Every structure is written in C-alpha cells, then in structure tokens.
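Presented below is the structure to which this report refers.
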Amino acid sequence: MLRVLSFIVLLLSSTVADAAVRIKDIANLRGVRENQLIGYGLVIGLKGTGDTLRNAPFTEQSLQSMLDNMGINIRGTLLRTRNVAAVVVTADLPPYAAGGSRMDVALSSLGDASSLLGGTLLMTQLRGADGEVYAVAQGAVAVGGYSVEGAAQTVSQGVPTSGRIPNGALIEREVQGKFYEMESLILELKNPDFVTATRIIDAINQYGQGRYRASMAFERDYRSIILSRPRSVAPVRFIAEIGELLVEPDTPARVIIDERTGTVVIGRNVQVSTVAVTHGNLSVRITEMPIVSQPAPFSRGETVVTPQTFIEAGEPGAQVAILRGTDLQRLVRGLNQIGLKPQGIIAILQAIKAAGALQADLVIQ
C-alpha cells in the first residue's frame, strides 16, 4: 500500500504541462445534457428462469393484457409459464438526438426471475419526466452474469437478472430546442473552483486575442463562465476550438479515507505542520488449557475438568517520527518511515487532523 502510494506521489509531482487538461474535460456547456428515460416491459423466451406468476401478479396481468391486444382471450385461464419476466427498462437520451437514431438501454428484473439469459425484450415505450414517449426499445438481451444451481451447490458470477441491449432503442421524438437557437453559451465547471475558473477565462481570452482579437470569456461565479461568440464563427466550431484549450485545474487540499477498504487518497496540495507521531498496537493473546482431574482408583470421587487460562499482553515498540509535509512527496516519505499498514495510516491522519496539524479537508467515506 505504501509503495503504491509513493508511486502515485511521483505521478502527482509531474510538471505543469503534464497536469494540463482540456477545457471540455473539466467543464460542460449549459443546456447540452442527457435526459433519463424509463419504461416497463416483458422479456420472453427464458428457459424456465422467468417470474413465478403467482408471486409476481403484475407479470401475469401484463401477459394477459398483451395477449388481449393481439386478439387472444385467456381471461380466467390459469397460467403457469416460467418463460416471461417483468423488467424495468432505463436509458439516457443523448442531447440533440434526431428521430430514427438508436441508443443503448439497460433492463433489470422486477419480479422473482432467476436469470434473463436468452430472453428477448418486447416492444417497450420509454417515457421522460414529462410523461411523453421519446423512444421504443426491443431486442435480444445481453446478460453478463450467470447462475447455475445444483442439489448441493450453487455457482454464480455477475448479476444474471440485469442486462443490456446495445442500440436497442429507437428514438421516436426529439427534445425541443436546437443548439444554434441557444441565446447564450455558458460553461459550467464539473468541480467548481475560483482558481480553475480564472485559469479557464485567461486561456480563452488569450486564445481569442490571438485569433479573433477580442476577449470571449467573462466570469460569472466560481462555477459558470459566460462565452461571447464572434459572429464570424459557427457555434459548433467555436465550442470545438474552446474545448481543446489546455488548462491546469486547481485541486483543493483534501484527504479521502475509506475505512471499509483501507483506501487513502491524499491530494497534491495537502500539507502537514510539524508534528511528532508514534503509533503502536496492543496485542492480547488468551489461551485456554483445561486440566482433567481424575480421582484415585476404586474411590468415590468424580472426574472433573478444571479450567486454566493464560493471558499474555504485549505492545510492540513503536517509532517516533517527525512529520513535516511541505509537499505531498515529503509527507508520504514520513509515513513510510513509520512503516504502517493502511489502517494505521488512517488512524494517524485522523489524529493529525484532530491536533490541527493537517492543513486539508478530511473526508471519511
């Protein structure tokens, strides 16, 4: 863990040019967003792994309604099929998607089906938050998991009750609004920060002065940047040029700790004031060695078991190290000198934060 952490430090200590990223990777254009769709449908063709109709009455009702629409009356008939499963279908409608184009869909079982392997999704309407139908999904289901059961053993991998249909949805309705109709172009930072916003503005204006002899970016707040497009440039080309500019985003001083997995992520700007640290573990070992006491031969005594417990307590020697992290590399080098495991590093960082010596935000997940 510590060697991996040291390797990450070397990567974070690279040059400024290596840390520069494109603007389109750290900012989004307001209004250019996906829309979530959801629908309810039936998967057929399962090999006895579908819903139990008595345990999932909605599956039986859906099957009866579908057959009624096809002119087949099965009302009052006892259905016992296990080849049908009710599923919930979800998809993300891409921005400015035209009618007739396709997109991927994901589906998950709603009843007690054990697997969707080999199934086919029947025509399912996908609706948006406004209740309108924007796409229709249908096709063979691709399942990444499996589950095999025997009399005494079960083997499973992944989740066989969920799957995907690549290009399984056909877009029927377009979202209102066009890109060229947008009145204003506003960039929104994915990780809002005043320094990052200022660097983006400077990079755009420097590019604009050199190419169009005009400033094209203006600050609004630490999250939003207003763009002024030259009249001689189309909106698509303008955004494409702006998105390729390189900027070094500023990262906050933050330490992320996940106590469940023992993961510690330390930001590049984290600093620690001079502090002395020691860490030791108390180990207690309890050994039970019962003694059997037997009476003399031909006596009236009884054989009894006498408990005997040995308790040993020890605390290994701990090193006292002085941490002074003026940069990330020196901080991790000081932690390496103590020779701690991930859980020990987590305890040390929490104690340093409590002492007021950790000059960063400590986030515990």
Side-chain angles (χ1 to χ4, degrees), residues 11-37 91-104 128-130 132 134 171 173-254 265 267-271 327-328 359-361:
L11 294 180
L12 294 178
S13 301
S14 57
T15 60
V16 174
D18 295 335
V21 298
R22 297 177 300 180
I23 291 180
K24 67 179 182 180
D25 295 329
I26 60 177
N28 294 323
L29 188 62
R30 177 179 295 183
V32 182
R33 55 178 291 263
E34 296 179 341
N35 291 276
Q36 296 179 335
L37 305 179
D92 292 330
L93 182 63
Y96 308 111
S101 57
R102 291 184 173 273
M103 62 180 179
D104 300 343
D130 55 359
E132 297 292 338
Y134 286 90
I171 299 176
R173 181 194 296 267
E174 299 180 9
V175 179
Q176 296 181 357
K178 301 296 182 180
F179 181 70
Y180 61 84
E181 296 176 353
M182 297 179 62
E183 298 180 356
S184 59
L185 300 177
I186 301 177
L187 288 178
E188 292 186 342
L189 275 65
K190 298 179 182 179
N191 297 314
D193 184 83
F194 288 104
V195 177
T196 304
T198 303
R199 292 176 180 176
I200 292 177
I201 293 173
D202 295 340
I204 295 176
N205 288 334
Q206 182 179 2
Y207 174 79
Q209 291 290 345
R211 182 174 178 84
Y212 302 105
R213 300 186 182 279
S215 298
M216 302 181 300
F218 307 93
E219 62 274 5
R220 182 176 181 179
D221 49 43
Y222 78 119
R223 179 187 298 270
S224 305
I225 299 173
I226 301 177
L227 301 179
S228 177
R229 177 179 61 88
R231 296 182 178 272
S232 59
V233 184
V236 175
R237 180 176 294 276
F238 175 69
I239 295 299
E241 294 177 355
I242 294 300
E244 291 296 325
L245 299 179
L246 297 179
V247 173
E248 182 189 5
D250 185 65
T251 57
R254 185 173 299 167
V265 179
R268 185 180 62 179
N269 296 324
V270 173
Q271 296 187 9
D327 54 26
L328 179 59
Q359 312 304 330
D361 294 332

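Note that the structure is predicted; figures quoted are calculated from it, not measured.
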Looking at side-chain heavy atoms only, is the closest gap between I225 and L189 below 4.5 Å?
yes
Would one find more than 12 heavy atoms of other residues, nucleotides or ligands at under 6.0 Å from atom CD of Q36?
no
Return yes when atom CD of Q206 has more than 12 non-hydrogen atoms of other residues, nucleotides or ligands closer than 6.0 Å, and no otherwise.
no
If you look at every heavy atom in A97 and S101, which pair is closest and at what distance?
CB-OG, 4.2 Å
Specify the closest pair of heavy atoms between I201 and F218, including all atoms of both residues, with the distance to one decimal.
CD1-C, 4.0 Å
Does T198 reach the side chain of E219, with side-chain heavy atoms less than 4.5 Å apart?
no
Distance (rounded to the nearest 0.5 Å) between E34 CD and Y96 OH:
12.5 Å
Quick one, M103 and D92 - any side-chain contact, counting heavy atoms below 4.5 Å?
no
Heavy-atom closest pair, residues V247 and R199
CG1-CB, 3.7 Å
Report the distance from atom CG of L29 to atom CD of E188, rounding to the nearest 0.5 Å.
8.5 Å
Passes side-chain contact (heavy atoms from CB on, under 4.5 Å), I26 versus N191? Steps please.
CA-CA 7 Å; I26 60 177; N191 297 314; over 6 Å; no
When you measure from the side chain of K190 to the backbone N and O of D25, does any donor-acceptor pair fall under 3.5 Å?
yes
Examine distances only and state if a side-chain atom of E174 and a backbone atom of G99 form a donor-acceptor pair shorter than 3.5 Å.
yes
How many angstroms lie between OH in Y212 and CZ in R229, if you round to the nearest 0.5 Å?
10.5 Å
Specify the closest pair of heavy atoms between D104 and A91, including all atoms of both residues, with the distance to one decimal.
O-CB, 3.6 Å
To check you understand the geometry: which heavy-atom pair defines the closest contact between P192 and Y222, and what is its length?
CB-CE1, 3.2 Å
L185 to F238 - nearest heavy-atom pair and separation:
CD1-CD2, 3.9 Å
Report yes if the side chains of V21 and P249 come closer than 4.5 Å at any heavy-atom pair, otherwise no.
yes
From the list E248, E244, E241, salt bridge (charged side-chain N to carboxylate O under 4.0 Å, His left out) with R22 holds only for E244
Find out whether L187 and I204 are in side-chain contact, i.e. whether some heavy atom of one side chain is under 4.5 Å from a heavy atom of the other.
yes
Please check this pair: side chain of N205 against backbone of A217, looking for a donor-acceptor N/O pair closer than 3.5 Å.
yes
pair I239-V32: side-chain heavy atoms closer than 4.5 Å:
no
Output the distance between atom CD1 (I23) and atom CD1 (I242), rounded to the nearest 0.5 Å.
6.0 Å
